[in-house]
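Scroll down for the structure; my scribbles are underneath it.
Keep in mind the model is a prediction, meaning the values are calculated, not measured.
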Amino acid sequence: MKKLLLFCCFFSLVNLVFAQKPPIKWGKVEEADLTMTSYPSDAEAEAVVLMDYASIDFGFEGSTHYLMHHHVRIKILKESAFDRGDIEIEYYAHNRLEEIKELKAQVILPNGDKIKLSKKDIFTEKVNDYWSRKKFAMPSLKEGAIIEYSYLKKSESIYNLSNWYFQTDIPTRHSELRTNIPEWFEYISFTQGRPPVVKNELVNKDIRFNNRNSAYRTEGGTTNARVSKTQYIVENIPAMKSEQFITTMRDYYSKITLQLKTVQWPNSIRESVNSDWPTIAKQLEENDSFGKQINKGRNTKKIMEAVNPLLAMTEDPIEKLMIAYSFLNSNITWNETYGIYSRKSLDDAYVDKQATAGELNLMLIAICRQLGLTAYPVLISTRSHGKMLEAYPKTDQFNHVLAYVGVADKEVLLDVGSQHRSPNFLRVNSLNYRGWLVDGPQSQWINIGVPADVEKMIVNAELSAEGTITGTVQEICTGYSAMVNRREYYENREKDSEHVVKNWQEIFPDAEVTNINFDNPEKAGESLKSSLEIKLPNAAQINDDFIYLSPMLGKGYEENPLKLENRTFSVDMPYQIKEQYVINLTIPAGYMVEELPEPAQVKMPEGAGVFRFLVSEKDGTVQVTSKIFIKKNRYKPEEYQIIRQFFDLIVEKQGEQLVLKKMP
């Protein structure tokens, strides 16, 4: 590593850019692509990636960096794909580690006319303190048009070359990455999904360099180096469309990642640039923006001054922990961003009254340590950020920090950021299976527990001969449903909880909802209880002597959330699902039950889940009970039909009707 830094400081080499004919030429489009009206391999596709091509070369002028020339061409087949002309290119702009240059774009119409994008229509937007993006919108789009753009990315982050995705949510005809890597660098590759076709050759090149290790003169020199020229090609790969219950589609798309493993400069020994987890842990503990933030009292002096009077009210360590957790949630707003490092000091974030998710949890860890509690940071990658590689000792795969606290013989994971979420529940985005607990030489990977979200609704009601339902509804929620309902309660409490009324009126437009009560909205650690009274005109359909009613009252699954016939990627539910619905319905006088929904029970293999649908009638009262418990939260592609058919049965049974007939 030291030699790499020295080389960056003292040497300047010419760029290694080798003549290799690319598979695409700017503006040159085949007639068949211009006249294409549908894609033969996917007639329903709204668009198709005709070519996604990039080449990566290395440069050594001023710094060691790589240059990625990226060229994209997309055919628009339907109006629904016009938004694909809104292009965003993100890059790590902090300290100019990455730059986007030579950006150009154009639209090629079906008749071959070209409309070039003006430079004034390309905007640079700051995403946060570290990331920026180039943004532009393609002009004059129409069905049959072709989008084409290209740019050069210069990056000094040679340890991780840009992830290359061969696949997207529309079909791709040709995707290709070419790399030209000098023998000084050894990269290892990680592939996901369909493996690419790989072509490789070694060539010898003379490389001129300038030795700047002298303050008085510059000496020129030349060295001969072998260069590995590699092509990674995937052709005719189908679209992978997003669906419910995913982490991020980047976890499923076919891709390749290249990671620097070793460096060997001329006349030097080969050195590994890969670290190990104990070394990473030590570096983090010594980092000014991480370990020193939670270990040095000067970084949390103002926080402790503010929270200490509250902590002094009890001697119980669990109560102290909950006070600290509630204090941070009540006094600091999450700024909707993640990160594992503190941007400034934790006290600065406290004074600003807003913080990243990671900063909030680092504050909690710091408070706990000053209270003498066992507390450690746990690094994770959120669901939206993507999966982690445990054999890959790098911190750049993490984007969030959880707080692990050992207190009163208990071990808990906490995730500060919402006054309405129980401390027993992490952010949904944090439920990504595993995390790395930072504890020096004892650092280790731990499991992130899978909680259960619980919803229970009980309806006691009467049905009139005119089809109106009147009655009471009681609901108990625990977990994420309770968090959502609490948030909506506080947002609407000065509006007489009109959101509850609107929810019922979305199902029954003439619904009257009164006497809405929430039992304990302020107690985020407990189940949320609510009750109300309903009057639902036209809830049932009258047809001569018959009354037809769906007893679920619109509170069941009306459609299967898993819509793909076949799914080539896993189903990743963030948490377990427990739902119970009970209705006790008194039927109108003078009517009898003509037809009841059939009861049903289905169990998935290995206890993954169970659905029970129970129906009974006694003395003019019909009771329908629906119970769903999905315990397993990850299903491999080969298990997809199991969970999909499970939901199919739920939709079918919850959609069945109760039929009443007027007595003779």
Side-chain angles (χ1 to χ4, degrees), residues 44-46 78 80 169 239-247 249 252 383 428 452-457 459 469 473 475 477 479-481 484-485 488 499-500 502-509 511 536 538-541 548-583 595-604 608-615 624-635 637 639-659:
E44 299 300 317
E46 65 177 19
K78 298 180 181 179
S80 58
D169 61 340
M240 183 177 282
K241 297 180 180 179
S242 181
E243 197 177 36
Q244 284 201 44
F245 306 131
I246 64 169
T247 51
M249 289 305 294
Y252 314 115
R383 293 173 67 86
V428 173
D453 185 68
V454 182
E455 293 184 81
K456 184 177 182 179
M457 178 179 285
V459 180
I469 287 180
V473 179
E475 189 171 3
C477 300
Y480 298 106
S481 298
V484 172
N485 289 343
E488 291 180 343
H499 67 292
V500 178
K502 288 180 179 179
N503 287 341
W504 279 97
Q505 289 179 344
E506 286 179 0
I507 306 168
F508 303 100
L536 309 177
N538 304 312
Q541 295 179 340
Y548 300 87
L549 172 70
S550 174
M552 293 298 297
L553 300 184
K555 298 300 180 180
Y557 286 85
E558 296 185 352
E559 58 183 23
N560 193 328
L562 301 173
K563 295 179 171 50
L564 296 177
E565 289 292 331
N566 295 289
R567 180 161 163 162
T568 57
F569 52 98
S570 61
V571 173
D572 284 288
M573 298 181 177
Y575 45 76
Q576 298 176 355
I577 296 174
K578 286 186 177 181
E579 297 176 359
Q580 181 175 351
Y581 174 88
V582 180
I583 181 170
E595 184 179 336
L596 287 174
E598 290 291 329
Q601 176 172 297
V602 61
K603 295 181 179 180
M604 287 191 285
V610 61
F611 169 59
R612 294 184 176 92
F613 191 75
L614 310 174
V615 185
V624 177
T625 301
S626 173
K627 294 183 178 181
I628 302 170
F629 179 27
I630 302 178
K631 183 178 181 181
K632 181 178 177 179
N633 64 318
R634 172 177 277 185
Y635 298 82
E639 299 173 310
Y640 175 64
Q641 294 304 328
I642 295 174
I643 182 66
R644 186 169 188 259
Q645 291 170 13
F646 182 79
F647 275 111
D648 275 341
L649 181 62
I650 293 173
V651 172
E652 177 186 340
K653 298 308 299 181
Q654 291 186 341
E656 290 182 354
Q657 290 191 322
L658 165 67
V659 182

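S626 and F613 make their closest contact through CB-CD1, 4.0 Å (heavy atoms, listed as atom of the first residue, atom of the second, distance). Taking every heavy atom of both residues into account, R383 and I246 meet most closely at NH2-O, 3.0 Å. A pairwise comparison of heavy atoms in I507 and G554 identifies CD1-O, 3.8 Å as the closest pair. Scanning both residues, L549 and L553, for their nearest heavy atoms gives CD1-CD2, 4.4 Å. Between E455 and C477, the shortest heavy-atom distance links the atoms CG-SG, 4.3 Å. Considering every non-hydrogen atom in both E475 and N485, the closest pair reads OE2-ND2, 4.3 Å.
K653 contributes a side-chain N or O that, together with a main-chain N or O of E598, makes up a donor-acceptor pair within less than 3.5 Å. Side chain of Q641 to backbone of E565: a donor-acceptor contact under 3.5 angstrom is found. Between the side chain of Q654 and the backbone N or O of Y557 there is at least one donor-acceptor pair closer than 3.5 Å.
Each of K632, R644, R567 was evaluated against E639; a single residue qualifies, K632, per the side chain to side chain donor-acceptor pair (under 3.5 Å) test.
The environment of NZ in K502 is sparse: at most 12 heavy-atom neighbours from other residues, nucleotides or ligands sit within 6.0 Å.
Within the 4.5 Å cutoff, the side chain of Y581 has no heavy atoms near those of the V624 side chain. A 4.5 Å side-chain heavy-atom check between F646 and V602 finds at least one atom pair inside the cut-off. By the 4.5 Å heavy-atom criterion applied to side chains, I583 and M457 are not counted as neighbours. No side-chain heavy atom of I643 sits under 4.5 Å from any side-chain heavy atom of F245.
Atom NZ in K578 sits 13.0 Å away from atom OG in S481 (nearest 0.5 Å). If you take CZ on R612 and CZ on F629, they are separated by 10.5 Å, rounding to the nearest 0.5 Å. With rounding to the nearest 0.5 angstrom, the OH atom of Y635 is 8.5 Å from the CD1 atom of I642. To the nearest 0.5 Å, atom CD of residue E595 and atom CG of residue L658 are 9.0 Å apart. If you take CG on N560 and CD on E243, they are separated by 8.0 Å, rounding to the nearest 0.5 Å. Distance check, rounded to the nearest 0.5 Å: CD of Q601 to NZ of K603 gives 5.0 Å.
Partners of Q244 according to the side chain to side chain contact (heavy atoms under 4.5 Å, CB included) rule, which considers only residues two or more places apart in sequence or in another chain, are P561. Here K563 pairs with E559 under the side chain to side chain donor-acceptor pair (under 3.5 Å) rule; sequence neighbours left out.
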Tabulate below the donor-acceptor pairs under 3.5 Å that side-chain atoms of residues 568-576 make, not counting sequence neighbours, or state none.
unit_1, atom_1, unit_2, atom_2, d
S570, OG, D572, OD2, 2.7
D572, OD1, Y433, OH, 2.6
D572, OD1, R634, NE, 2.8
D572, OD1, R634, NH2, 3.3
D572, OD2, Y252, OH, 2.6
Q576, NE2, K631, O, 3.4

